[in-house]
2 protein chains.
Amino acid sequence: MRDVAQHAGVSTATVSRVLNGHAAPTQATRTRVLAAIDELGYRPNALARSLRTTSTKTLGLVISDLLNPFFAEIARAVEDEARSHGYCVVIGNADENAEQEATYVRTLLDRRVDGLLLCPATDDPSLVREVVAGGVPLVLLDRTVRGATCPVVRADGADALTQLARRLVGAGHTRIGVIAGPADTSTGRERLDAFAAALGPLLSQDLVVHGDFRQDSGSQAAAVLVERNATALVAMDNLMGLGALAELRRAGLRVPDDVAVAVYDDQPWFPLVDPPVTVIAQPTVEMGRAAARSLLALVNGDQPEDVHLSARLVVRASC
Amino acid sequence: MRDVAQHAGVSTATVSRVLNGHAAPTQATRTRVLAAIDELGYRPNALARSLRTTSTKTLGLVISDLLNPFFAEIARAVEDEARSHGYCVVIGNADENAEQEATYVRTLLDRRVDGLLLCPATDDPSLVREVVAGGVPLVLLDRTVRGATCPVVRADGADALTQLARRLVGAGHTRIGVIAGPADTSTGRERLDAFAAALGPLLSQDLVVHGDFRQDSGSQAAAVLVERNATALVAMDNLMGLGALAELRRAGLRVPDDVAVAVYDDQPWFPLVDPPVTVIAQPTVEMGRAAARSLLALVNGDQPEDVHLSARLVVRASC
DNA sequence: AAGGAGTGTGTAATCGATTGACTAGCCCCT
DNA sequence: AGGGGCTAGTCAATCGATTACACACTCCTT
């Protein structure tokens, strides 16, 4: 910057003013400075700038699992929305692991992100409290924590799950197996609760198996449930659904004749599976965008409302 | 930091030394400082530190499309490897768009990442030159550019494509349609060239359609190729493959009876599709890890070799 | 002609760390 | 007692920007 100033015969203050679009500098100096800038190929040091201004124009996004296309889509939407407002997004991958999540959150805070978007790995509120106590704008995405003290953006699947339950019961299923998410995540619990409520006494405890939102756990759960004579399987997450489908295929069971299947989260390939899979589709893009918008509002000092979107049932041939 | 120093009754220099594990401070002062640190809940400002040390312990990764699970997997692997070496990864999503790619690269450079991993959207070398000229360690991943002047990590699919070609010819196909990647990407060109070489005169020009590595382009290309009486379709990317499969299903064509299908890039769900899809599987995790390792070597002043891995053919029922 | 208003620039403090140069204190030796 | 050799710690410059304040100048007003 000093070089630029020298080159243009002005002080660094003037260069800075030109760079930041202040009113002060004359048209003449302005062009002189700009000429110097691209003659020297100067690029401002964002670290120094941020250090001084205490603003990084960066948002942090800590998601549970980058390999889960649901989160990849969300990340993509967040990034889009943020970029359109001049913000950058740093993505952290927690791998469904509370410890790694905490590490990432702290790293991002150390780097002074202007705000943080978090899909919490568990519903333990301590990390959230830590961030909020540190005064950093925080918005929770997809999942919440106990007694959350910050805005939350999520999609409600209760209606869709109720419809699904009705449909399965209507088709004569009496032994419906559930591959639920972890009991210590809000989505894991809520989806199960909503489905259980819709099913009432028809749902027997031994047909509920908790997975970890990953493919393998879906396979294992499916094996267990089939063993217990379930005639329908509902996987509460697309990766566990994938695992369940793989297991059914491995076991030589036919869908939906032997076992009906439905999965939470739609994916582009679900219609192509044999048979096409009934799903509950979440508005991922809207969730991501809304979360980014809420966070930016918070960063700008507003107090955004929680956002509640809805998932919807998409019936295909698998049940 | 000043507060901590005061609290512990030492100077900021000493605090810094404790923080950075210098030999100097006594065990006594050390514990005093550490006590002060967590009493005050002090966290060092990474911006200031980086400004001073000119090292951010951060790598930049600019990928072509975060929604493409191939790149998501790579990102995940890069992140894993980097983290295990104490580095953070900032992911930028170029959306297969050269301009957005350049913007992201510059943003990352401005933030002084210690090194950059790039999956170039086109084979135009100007951006690469710009980075190299700036003296920032750069490694290309998956794709290369014309006259690349930096290490490259990629997977070679020529053998697998040759096997695939042989197999299709052996099955009696004479009109084999290719859904190729963009001609201005190295992977787009190389995969097509390798396949064309293996097929020889059997490949007619009107059965080669270029897509853009996205689902929709795969559908459109498939429609065109079917129209031209192709009896086999090879999609050079998983998303275009997905699009092609969707189009075939929409058109009511049966795989492999009416049209045989093979796709470049394996995905966990390809075995579940009706019928299971023959693919060319790339060692994504190894690519990501190798790229991160190469970049870290470069950052540490070594001169890593290019890394060439191999893709392999996985035959399933679709052809 | 003096004083005031309004502009355009420059000077220097500042953000929060790191680190080279220096100093104070201690021990030991002659 | 004085000096050499260590150590543990302090001082202050530095990284590269931003910005409050001061200054110089022009142009008006009275």
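The sequence lines fix the lettering, A, B, ..., with proteins before strands; numbering per chain opens at 1. Small disclaimer: the values here were computed from a predicted structure and weren't measured.
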Under 4.0 angstrom, heavy atoms only, what part of the nucleic acid is A:Ser16 near: base, sugar-phosphate, or nothing? base
Scan the side chains in residues 114-123 of chain A for donor-acceptor partners under 3.5 Å anywhere in the protein, sequence neighbours excluded, and list what turns up.
residue  : atom : partner  : partner atom : Å
A:Asp114 : OD1  : A:Thr56  : N            : 2.9
A:Asp114 : OD1  : A:Thr56  : OG1          : 3.1
A:Asp114 : OD2  : A:Thr56  : N            : 3.3
A:Asp114 : OD2  : A:Lys57  : N            : 2.7
A:Thr122 : OG1  : A:Asp124 : N            : 3.2
A:Asp123 : OD1  : A:Arg146 : NH1          : 3.2
A:Asp123 : OD2  : A:Arg189 : NH2          : 2.3

Against the side chain of B:Thr12, the closest entry in D:dA17, C:dA17, D:dA12 is D:dA12
Taking side-chain contact (heavy atoms from CB on, under 4.5 Å) as the definition, give me every residue that meets it alongside B:Asp80, ordered by chain and number, with sequence neighbours left out. A:Asp95, B:Arg76, B:Arg83, B:Arg289
Using a cut-off of 4.0 Å on non-hydrogen atoms, how would the nucleic acid contact of A:Val15 be classed: base, sugar-phosphate, or nothing? nothing
Would you please name every residue forming a side chain to side chain donor-acceptor pair (under 3.5 Å) with B:Arg17, sequence neighbours left out? none
Can you tell me how far P of D:dG16 sits from CG of A:Asp3, to the nearest Å? 10 Å
Just the rounded figure in Å: distance from C1' of D:dA17 to CG of A:Leu19. 10 Å
Using the side chain to side chain donor-acceptor pair (under 3.5 Å) criterion, which residues pair with A:Glu101? Sequence neighbours excluded. none
What's the CZ-P distance between B:Arg2 and D:dA12, to the nearest Å? 14 Å
Quick one: side-chain contact (heavy atoms from CB on, under 4.5 Å) partners of B:Thr149, sequence neighbours excluded? B:Val128, B:Val132
Through what angle, rounded to 10 degrees, does the axis of the helix from C:dA1-D:dT30 to C:dT30-D:dA1 turn between its ends, using five pairs per end? 70°
Neighbours of DNA chain C within residues 34-56 of chain A, by heavy-atom distance under 4.0 Å: A:Leu51, A:Arg52
B:His7 side chain near B:Val4 side chain, heavy-atom distance below 4.5 Å: no
Residue pairs, two or more places apart or on separate chains, that pass salt bridge (charged side-chain N to carboxylate O under 4.0 Å, His left out) and touch residues 35-47 of chain B: A:Asp110-B:Arg43
The criterion is side-chain contact (heavy atoms from CB on, under 4.5 Å); which residues satisfy it with A:Ala148, sequence neighbours excluded? A:Leu140, A:Thr144, A:Val145, A:Val152
Quickly work out the A:Met1 CE to D:dT19 C1' distance and round it to whole Å. 11 Å
Short N/O separations, protein against nucleotides 20-27 of chain C, under 3.5 angstrom:
residue : atom : partner : partner atom : Å
C:dG20  : O6   : B:Arg17 : NH2          : 3.1

Hits for side-chain contact (heavy atoms from CB on, under 4.5 Å) against B:Leu296, two or more places apart or cross-chain, chain-then-number order -> B:Leu59, B:His85, B:Tyr87
Keeping to residues at least two apart or across chains, list the side chain to side chain donor-acceptor pair (under 3.5 Å) pairs with something in residues 58-73 of chain A. A:Thr58-B:Arg111, A:Ser64-A:Arg143, A:Asn68-A:Asp237, A:Asn68-A:Asn238, A:Glu73-A:Thr284
B:Asn20 CG to C:dT19 P, in whole Å, measures 7 Å
Starting at CD of B:Gln27 and ending at P of D:dT7, how long is that distance when rounded to a whole Å? 16 Å
Measuring only between side-chain heavy atoms, which start at C-beta, is B:Phe71 closer than 4.5 Å to B:Asn93? no
Please state whether the phosphate of D:dT7, meaning OP1 or OP2, lies under 4.0 angstrom from any side-chain nitrogen or oxygen of B:Thr26. no
